[in-house]
Amino acid sequence: MNCDQVQTFLAFIDMLKSYSYFLFEWLKAYGVMLIGVSVASFIVSILFCTLVIAYLPPDYFLANRRTSRIRHPVLRIGMKCLKNLLAVVLVVVGIIQIPLPGQGVLTILIGIIISDMPGKRKLERRIISAPVVLATANGIRSRFKRPLLVLDESIE
């Protein structure tokens, strides 16, 4: 190594030191708040997903399911926008929660259920047909004394 390379390397090490000091100070200042927000969002997502699973109609995953009941065009478009925004947030949170057993997949499923994306019926029916996901969803429903989810005989 020549002298310029050594100086560049030492400058890089100094930059890493200052960055790590800045990061440590930031975590000291905002770490508790970051942990609090993370725990609160985790609890809210668990409660929200539990309530959505519990209060889904038992025939929601059947092939010939009813469509929207909102007739006013402005309300229908506004609800679609809000629904799809919430769906994107839930799918992203679900992807973040994937390491947690079952919770991430259920959160993604709720996001897909809420959305209006093409092909969603087929995708959500495939996800719910997984034995672990169906057992978890039906376990939640039984705790709320709700009827179990009904699936078609043959899900693609």
Side-chain angles (χ1 to χ4, degrees), residues 1-58 60-61 65 68 70 74-144 146 148-149 151 155-156:
M1 291 177 90
N2 64 27
C3 187
D4 289 337
Q5 289 175 331
V6 170
Q7 286 179 337
T8 304
F9 180 72
L10 292 175
F12 177 73
I13 296 296
D14 284 341
M15 183 186 71
L16 281 178
K17 282 182 187 177
S18 62
Y19 177 73
S20 62
Y21 177 76
F22 170 76
L23 185 62
F24 178 72
E25 292 299 316
W26 187 87
L27 284 174
K28 272 188 0 184
Y30 299 105
V32 173
M33 182 181 68
L34 182 65
I35 290 170
V37 167
S38 297
V39 168
S41 66
F42 175 72
I43 290 170
V44 167
S45 74
I46 287 175
L47 292 175
F48 180 74
C49 289
T50 301
L51 290 175
V52 169
I53 291 288
Y55 288 98
L56 265 179
Y60 180 83
F61 293 103
R65 178 81 178 117
S68 176
I70 300 174
V74 174
L75 286 176
R76 189 172 50 243
I77 291 170
M79 285 302 291
K80 277 190 176 194
C81 290
L82 287 174
K83 260 182 11 175
N84 287 320
L85 181 64
L86 179 63
V88 168
V89 169
L90 286 173
V91 168
V92 169
V93 168
I95 291 170
I96 293 169
Q97 291 179 341
I98 283 289
L100 303 173
Q103 187 61 40
V105 175
L106 282 177
T107 307
I108 292 170
L109 179 64
I110 299 300
I112 293 170
I113 288 170
I114 292 173
S115 75
D116 287 325
M117 67 181 197
K120 85 165 194 168
R121 298 289 299 161
K122 185 176 180 180
L123 179 61
E124 66 190 14
R125 290 172 70 218
R126 288 187 75 179
I127 291 173
I128 198 68
S129 68
V132 173
V133 176
L134 183 61
T136 303
N138 281 332
I140 290 169
R141 292 180 67 82
S142 66
R143 277 186 237 130
F144 280 82
R146 306 283 296 168
L148 300 181
L149 293 171
L151 301 180
I155 293 182
E156 297 86 26

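In what follows, residues are counted from 1 in the order of the sequence shown.
- Between atom CZ of residue Phe144 and atom OG of residue Ser142 there is a gap of 10.0 Å, rounded to the nearest 0.5 Å.
- To the nearest 0.5 Å, the span separating CG on Leu23 from OG on Ser18 amounts to 11.0 Å.
- Separating the CH2 atom in Trp26 from the OH atom in Tyr21 is a distance of 16.0 Å, to the nearest 0.5 Å.
- Rounding to the nearest 0.5 Å places CG of Leu149 at 11.0 Å from OH of Tyr60.
- The backbone N or O of Ile53 lies less than 3.5 Å from no partner atom in the side chain of Arg146, so there is not a single donor-acceptor pair.
- With rounding to the nearest 0.5 angstrom, the CZ atom of Arg125 is 8.0 Å from the CG atom of Leu151.
- Annotation: ring pair (Phe, Tyr, Trp, His ring centres under 6.0 Å) contacts of Phe24 (sequence neighbours excluded): none.
- Across every non-hydrogen atom of Gly111 and Leu90, the tightest pair is CA-CB, 3.8 Å.
- Contact check for Ile112 versus Ile127: side-chain heavy atoms found under the 4.5 Å cut-off.
- Taken to the nearest 0.5 Å, the CD1 atom of Ile108 stands 10.0 Å off from the SG atom of Cys49.
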N/O donor-acceptor pairs under 3.5 Å from side chains in residues 77-88, not counting sequence neighbours:
unit_1, atom_1, unit_2, atom_2, d
Lys83, NZ, Asp116, OD1, 3.2
Asn84, OD1, Asp116, N, 2.8
Asn84, ND2, Lys80, O, 3.0

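- Looking at Arg143 and Ile140, their side chains come closer than 4.5 Å, going by heavy atoms from C-beta outward.
- Pairs passing the salt bridge (Lys or Arg N to Asp or Glu O under 4.0 Å) check and including a residue from residues 36-52, sequence neighbours excluded, do not occur.
- Applying the salt bridge (Lys or Arg N to Asp or Glu O under 4.0 Å) test to every pair with at least one member in residues 46-56, sequence neighbours left out, gives no pairs at all.
- Residues that satisfy the salt bridge (Lys or Arg N to Asp or Glu O under 4.0 Å) test with Lys28, not counting sequence neighbours, are Glu25.
- Applying the salt bridge (Lys or Arg N to Asp or Glu O under 4.0 Å) test to pairs two or more places apart or on separate chains, none has a residue in residues 13-22.
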